[in-house]
There are 2 protein chains.
Amino acid sequence: MARTGRPREFDRQAALDAALTLFWKQGYEPTSLNQLKEIMGGISPTSFYAAFGSKEKLFEEVVELYRSTEGRVTDILFDDEISPRSAIERCLRQSAKMQTDPSHPLGCLIVSGASNCGSTGNRVVELLKSIRRKNHEAIKSQVRRAVAIGDLPNSTDIEGLTEMFSTFLVGISTAARDGANRANLDRSIDQIMALWGKR
Amino acid sequence: MARTGRPREFDRQAALDAALTLFWKQGYEPTSLNQLKEIMGGISPTSFYAAFGSKEKLFEEVVELYRSTEGRVTDILFDDEISPRSAIERCLRQSAKMQTDPSHPLGCLIVSGASNCGSTGNRVVELLKSIRRKNHEAIKSQVRRAVAIGDLPNSTDIEGLTEMFSTFLVGISTAARDGANRANLDRSIDQIMALWGKR
DNA sequence: GTAGTTCCGTATCAACCGATACATAAGTAG
DNA sequence: CTACTTATGTATCGGTTGATACGGAACTAC
């Protein structure tokens, strides 16, 4: 049975895609409702709030969309089927490739999407921070697993190595926004991964 | 001869210090004139604009203040009197220490002070970006010098190694804001600097 | 004293912020 | 047809943004 009521006149998914692009480029707070409404197909405020609830809820939905598309480059950190080294290296390389891809805004929405926020944006800041924290923990699990399976020596400083990869990973967003290209980032990953084989 | 006219009733330097703290914590755009006026001694709008010109000019002055105080941790990147390795390592360690110091806001004003900006903040974004670019170039000069003096082999990938240190450096700001402590960051620097001795 | 200079407090500006009210249009259900 | 449901367009809400106008206060110069 078809849904009752007047049908929606704009493409909700297309509007969400457009909102992702805008939030990705500008961040949460500087992106205004007027900009969103315009890029989302010139919809009216009523349509906006009926379809998405609020700016904050839209952002949360956008983060989910990002995580299920471009943002999946970090999913491999949670993969225990491949080698720990491969998980971390591939995460870094995929992130570098994705974040420098000119077909969408530069950098990472999770890192740079809400770094400057006033008091109204606290929930959004915490949302992104919790995702970063999970990635950090996933890196730690991989390093720990590498030690457990003998791929890294028992003397390995797990916290130190984890923090190194984690800090580098979040740094990619600023680097990409500052104009670092994929080739240079890939070579920097060659360098940082050399640590793994040199001890 | 003393200056003519009614004397200023607030401490301009103290106001500037307070503005630095607020911008550092919240970033450029989310920090409002009302917040600034209040923390700067409860001054009036007239006093604010007479003394600092505009919000943007105040921020530029705040950046200068930061660069001449806490922000000096990166100055050592421009020092050609010490060894390249020492210049980079000390920059990283000083940055990690400074950015996790609880006596002031976490992270780095140059990296995180204006990452989310609308069209009005473009000049500010470019100002910070240009500073980051200079740091990146300074790292490159140090790596190049290291190769020149034989501290790194001729086969060194200068671009790759530079990007690695530069990306890690900017990553410290997000890491610190996410709660990384100094000890862990220091150990991560142990790890990343080990590259220098392992080839 | 008076003139000139600089700063201060209050009141206010136009523009924009996120969010709603209200009436109406377009569909389904019976 | 009427009743119900859902989306739409316009007009507007109260609040905040960065920035000014204007008159008066506090100082120096002479």
Side-chain angles (χ1 to χ4, degrees), chain A residues 1-16 18-19 22-23 26-62 113-114 116-125 127, chain B residues 1-16 18-19 22-23 26-62 113-114 116-125 127:
Chain A
M1 181 175 79
R3 206 170 59 122
T4 174
R6 178 174 175 174
R8 179 176 285 127
E9 289 182 8
F10 67 95
D11 184 335
R12 193 183 190 281
Q13 189 58 45
L16 205 55
L22 201 55
F23 275 132
Q26 301 187 332
Y28 176 69
E29 275 208 333
T31 299
S32 74
L33 263 282
N34 276 336
Q35 286 180 307
L36 285 167
K37 277 159 33 194
E38 183 179 349
I39 207 175
M40 290 166 88
I43 65 178
S44 68
T46 329
S47 300
F48 177 89
Y49 284 98
F52 300 102
S54 69
K55 182 184 173 184
E56 183 176 314
K57 281 182 184 167
L58 170 65
F59 187 78
E60 290 169 6
E61 205 168 330
V62 157
N116 297 146
C117 265
S119 52
T120 57
N122 275 340
R123 278 195 53 194
V124 167
V125 170
L127 170 66
Chain B
M1 184 174 81
R3 207 171 60 123
T4 176
R6 177 174 176 174
R8 178 176 286 129
E9 290 183 8
F10 65 97
D11 184 336
R12 193 182 192 279
Q13 188 58 44
L16 205 55
L22 200 56
F23 275 133
Q26 301 186 330
Y28 177 70
E29 275 208 333
T31 299
S32 73
L33 263 286
N34 277 335
Q35 287 180 306
L36 286 167
K37 277 160 31 194
E38 184 180 347
I39 207 175
M40 290 166 88
I43 65 178
S44 69
T46 329
S47 299
F48 176 89
Y49 284 99
F52 300 103
S54 71
K55 182 185 173 184
E56 183 177 313
K57 281 182 184 167
L58 170 66
F59 187 78
E60 290 169 5
E61 206 168 329
V62 157
N116 297 150
C117 265
S119 52
T120 55
N122 275 339
R123 280 196 51 196
V124 167
V125 170
L127 169 65

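Any value given below was found using the heavy atoms of this structure, including those in side chains, with hydrogens, waters and symmetry copies removed. Throughout, protein chains are lettered first and strands after them, A, B, ... in sequence-line order, and every chain is numbered starting at 1.
Shown here is A/Arg123, whose CZ atom has no more than 12 heavy atoms of other residues, nucleotides or ligands within 6.0 Å.
In this structure, A/Met40 places its CE atom 12 Å from P of D/dT8, rounding to the nearest Å. The interatomic distance linking A/Tyr49 (OH) with D/dT8 (P) rounds to 15 Å, in whole Å. Whole-Å rounding puts the B/Leu33 CG to D/dA19 C1' distance at 7 Å. Taking atom CD of residue B/Glu38 and atom P of nucleotide D/dT16, one finds them 13 Å apart after rounding to whole Å. Atom pair A/Lys37:NZ and D/dT8:C1' shows a separation of 13 Å (rounding to whole Å applied). For the pair A/Lys55 NZ and C/dA19 C1', the computed distance is 12 Å after rounding to whole Å. Note: CZ (A/Phe48) to C1' (C/dG18) measures 9 Å, nearest angstrom. At whole-Å resolution of the value, CZ in A/Phe52 and C1' in C/dA19 are 16 Å apart.
Checked against C/dG18, D/dT8, D/dT17, the side chain of B/Ser32 finds its nearest nucleotide in D/dT17. Minimum atom distance to the side chain of B/Ser44 is reached by C/dC8, of the listed D/dT17, D/dC4, C/dC8. Among D/dT5, C/dC17, D/dT10, the nucleotide with an atom closest to any side-chain atom of A/Pro45 is D/dT10. Nearest to the side-chain atoms of A/Arg6 among the listed nucleotides D/dA19, D/dC4, C/dA26 stands C/dA26. Each of C/dC8, D/dT8, D/dT5 was ranked by its minimum atom distance to the side chain of B/Arg8; first place goes to C/dC8. Looking at the side chain of B/Thr4, the nearest of the listed nucleotides C/dC17, D/dT28, D/dA19 is D/dT28. Taking every side-chain heavy atom of B/Thr46 into account, C/dC8 is the closest of C/dT20, C/dA21, C/dC8.
Using cut-offs of 30° and 60° on the angle between ring planes, the pair B/Phe59 and B/Phe23 is perpendicular.
In this structure the side chain of B/Leu33 reaches within 4.5 angstrom of the side chain of B/Tyr49, judged on heavy atoms.
The side chain of B/Asn34 contributes no N or O atom lying less than 4.0 Å from OP1 or OP2 of D/dT16.
Residue-level contact check: B/Phe10 touches the backbone only, with heavy atoms under 4.0 Å from sugar-phosphate atoms and none from bases.
In terms of modelled atom types and a separation under 3.5 Å, the side chain of A/Glu29 and the main chain of A/Gly118 share a donor-acceptor contact.
Comparing B/Glu9 and B/Gln35 by the nucleotide of DNA chain D that holds the closest heavy atom to each, the one mapping nearer the 5' end is B/Gln35. Mapping A/Ile43 and B/Glu29 onto DNA chain D by nearest heavy atom places A/Ile43 closer to the 5' end of the strand.
B/Lys55 forms no cation-pi arrangement with B/Phe48, by the criterion of a distance under 6.0 Å to the ring centre and an angle within 45° of the ring axis.
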